[in-house]
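Step one of this worksheet: look at the structure below.
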Protein chains: 2
Amino acid sequence: MAARPAKKSIRNEIAILREHLAQHELRVTSQREIILETFLKMEHVTAEQIYHELTKRTPHIGLATIYRTLNLLCECGLAQQRHFGTQTHFDNVSHKGHHDHMICTQCGTIIEFENCDIEKLQEEVARRHKFHITTHKLELYGQCSTCHGKA
Amino acid sequence: MAARPAKKSIRNEIAILREHLAQHELRVTSQREIILETFLKMEHVTAEQIYHELTKRTPHIGLATIYRTLNLLCECGLAQQRHFGTQTHFDNVSHKGHHDHMICTQCGTIIEFENCDIEKLQEEVARRHKFHITTHKLELYGQCSTCHGKA
DNA sequence: TCTGATATTGATAATGAATCTCTTTATTAT
DNA sequence: ATAATAAAGAGATTCATTATCAATATCAGA
Ligand SMILES: [Mn+2]
Ligand SMILES: [Mn+2]
Ligand SMILES: [Zn+2]
Ligand SMILES: [Zn+2]
């Protein structure tokens with residue numbers, strides 16, 4: 001089956017994926033593009049959520065393919081893995097820069113934020129220990145504004 | 001089997017555990033105290049590591065008991081769960097306050113640190129979003145001083 | 001356009017960490 | 001010491017994720 005034409009809004013991400021595939025002698029498949037398209041429509045999504053979304057479709061796409069493709073998206077920088085709860089969530093970072101998260105433990109709402117001052121302080125702490133930071137993870141857990149105050 | 005007398009150095013932790021057991025109508029067992037003793041000797045330990053350490057001993061202690069007891073230690077504030085890699089690590093926080101971690105992705109070394117300024121900035125960000133923080137997780141990944149520069 | 005080499009898929013088996021079940025054993029209040 | 005029952009240990013079970021492998025799709029080259 002030939003890959004169908006991409007919607008205008010996700011052309012750039014499709015291009016990034018195809019570029020990555022070309023550079024690694026991997027093939028363009030309809031499954032990979034459909035999964036990317038679905039991934040871009042959702043926020044902080046799990047493999048299961050994408051699988052569930054795609055079960056409506058024909059032809060049916062297997063769960064293993066979802067996992068394989070999500071890992072592929074991580075490799076080409078479109079996605080990043082996050083471990084908020086028990087399952088692994090995949091975060092769309094294609095046209096968002098680096099950011100961190102606040103997670104409401106009551107309703108599950110995820111708020112994104114970025115704070116340069118915190119990152120500078122992290123670098124300062126690392127320098128003191130002669131540690132060289134490549135990535136970091138900052139997660140704030142608690143209650144969002146609507147849940148705070150409720151039983 | 002009666003619980004054997006605790007070494008002087010961990011008397012305080014044993015006392016905390018026994019206090020918690022008493023308050024919850026749980027029983028003092030030799031397994032619980034041996035696991036606590038082993039836990040306190042190691043840093044950022046996994047259930048498997050404790051299990052491996054204790055297989056040398058008689059009587060044999062089951063893996064399920066290790067998991068059950070480590071969860072117990074979390075409940076009475078002696079331990080805290082961390083998710084550095086794929087497995088869950090248990091951190092001794094009995095006579096350390098809250099702290100965060102730098103993890104060397106090359107040799108696995110874990111450096112502990114605390115930084116009030118970062119925590120203040122976290123509160124500030126949260127306030128801006130009307131978010132109420134209960135806990136947080138800050139992990140810096142990269143290379144430690146000995147690994148940095150090596151191939 | 002057709003073909004062959006081979007990358008990919010999907011169904012399913014396998015894995016591994018963590019938990020649950022259930023019978024036996026240990027603890028503790030009386 | 002005894003009875004009530006909490007806990008241990010062995011092993012089954014769960015659940016997310018990865019591996020296996022035969023069938024299929026892709027794509028460079030004829
Ligand atoms: Mn995000
Ligand atoms: Mn620590
Ligand atoms: Zn909420
Ligand atoms: Zn190192």
Side-chain angles (χ1 to χ4, degrees), chain A residues 1-4 14 17-36 38 44-52 54-76 79 81-90, chain B residues 1-5 14 17-36 38-39 44-52 54-76 79 81-90:
Chain A
M1 187 190 298
R4 41 177 235 160
I14 295 274
L17 175 59
R18 288 191 179 173
E19 175 69 19
H20 179 87
L21 295 176
Q23 286 178 352
H24 293 77
E25 297 189 320
L26 302 172
R27 295 176 179 177
V28 176
T29 67
S30 61
Q31 287 91 337
R32 284 175 172 164
E33 300 202 335
I34 288 166
I35 291 167
L36 171 56
T38 309
H44 306 108
V45 77
T46 65
E48 286 287 348
Q49 286 172 324
I50 289 188
Y51 181 68
H52 184 254
L54 292 183
T55 44
K56 303 163 188 170
R57 243 180 211 282
T58 44
H60 172 70
I61 296 179
L63 184 56
T65 303
I66 311 274
Y67 276 105
R68 284 187 285 237
T69 303
L70 286 171
N71 289 334
L72 197 60
L73 297 184
C74 289
E75 282 161 26
C76 57
Q81 285 194 218
R82 312 273 188 198
H83 303 271
F84 295 140
T86 160
Q87 264 186 99
T88 300
H89 291 247
F90 292 83
Chain B
M1 187 193 297
R4 41 178 236 157
I14 295 274
L17 174 60
R18 287 191 179 174
E19 175 69 19
H20 178 88
L21 296 175
Q23 285 178 353
H24 293 79
E25 296 189 320
L26 302 172
R27 295 175 180 178
V28 175
T29 68
S30 62
Q31 287 91 336
R32 284 174 171 165
E33 301 203 334
I34 287 167
I35 291 167
L36 171 57
T38 308
F39 165 74
H44 308 109
V45 78
T46 65
E48 286 287 347
Q49 285 173 324
I50 289 187
Y51 181 69
H52 184 254
L54 292 183
T55 44
K56 303 163 188 169
R57 243 178 211 283
T58 42
H60 171 71
I61 294 179
L63 184 55
T65 304
I66 312 273
Y67 276 105
R68 284 187 283 237
T69 304
L70 285 171
N71 288 333
L72 197 60
L73 297 184
C74 288
E75 282 161 26
C76 59
Q81 285 194 218
R82 312 272 189 198
H83 303 271
F84 295 139
T86 158
Q87 264 185 101
T88 301
H89 291 247
F90 292 83

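So that the names make sense, note that chain A is the first sequence line, chain B the second, and so on, each numbered from 1. Every value quoted in this text rests on a predicted model; they were computed, and no experiment measured them.
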Starting at [atom1] of [X] and ending at [atom2] of [N], how long is that distance when rounded to a whole Å?
X     : N      : atom1 : atom2 : value
B/I35 : D/dA8  : CD1   : P     : 7 Å
A/Q49 : D/dC15 : CD    : C1'   : 16 Å
B/H60 : C/dT25 : NE2   : P     : 15 Å
B/L63 : C/dA18 : CG    : C1'   : 8 Å
A/I66 : D/dT18 : CD1   : P     : 13 Å
B/H83 : C/dG16 : NE2   : C1'   : 16 Å
B/Y51 : D/dG9  : OH    : P     : 10 Å
B/Y67 : C/dT21 : OH    : C1'   : 18 Å

On a heavy-atom basis, which atom in [X] and which in [Y] lie closest, and how many Å separate them?
X     : Y     : result
B/L21 : B/R27 : CD1-O, 3.7 Å
B/L17 : B/R32 : CD2-O, 4.1 Å
B/L70 : B/F39 : CD2-CD1, 4.1 Å
B/R57 : B/I34 : NE-CG2, 3.6 Å

Checklist entry - What is the ring orientation for B/F84 with B/H44, classed by angle as parallel under 30°, tilted 30 to 60°, or perpendicular over 60°? => result perpendicular
Residue [X], side-chain atoms from C-beta onward, closest of [options]:
X     : options                : value
B/A64 : C/dT12, C/dA18, D/dG11 : D/dG11
B/I61 : D/dA6, D/dA8, D/dG9    : D/dG9
B/T65 : C/dT6, D/dG9, C/dT19   : D/dG9
B/R68 : D/dG9, C/dG10, C/dT8   : D/dG9

Are OP1 or OP2 of [N] and a side-chain N or O of [X] less than 4.0 angstrom apart?
X     : N      : answer
A/Q31 : D/dA25 : no
B/N71 : C/dT19 : yes
A/T29 : C/dT9  : yes
A/S30 : D/dA25 : no

Checklist entry - For B/T86, which contact category applies under a 4.0 Å heavy-atom criterion: base, sugar-phosphate, or nothing? => result nothing
Next on the checklist: Considering every strand and a 4.0 Å limit on heavy-atom distances, what is the contact class for A/T46: base, sugar-phosphate, or nothing?
Outcome noted: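 Nothing, no nucleic acid heavy atom in range.
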Checklist entry - Looking only at N and O atoms, is any donor in the side chain of B/R27 or the base of D/dT5 less than 3.5 Å from an acceptor on the other one? => result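 Side chain to base: pair present.
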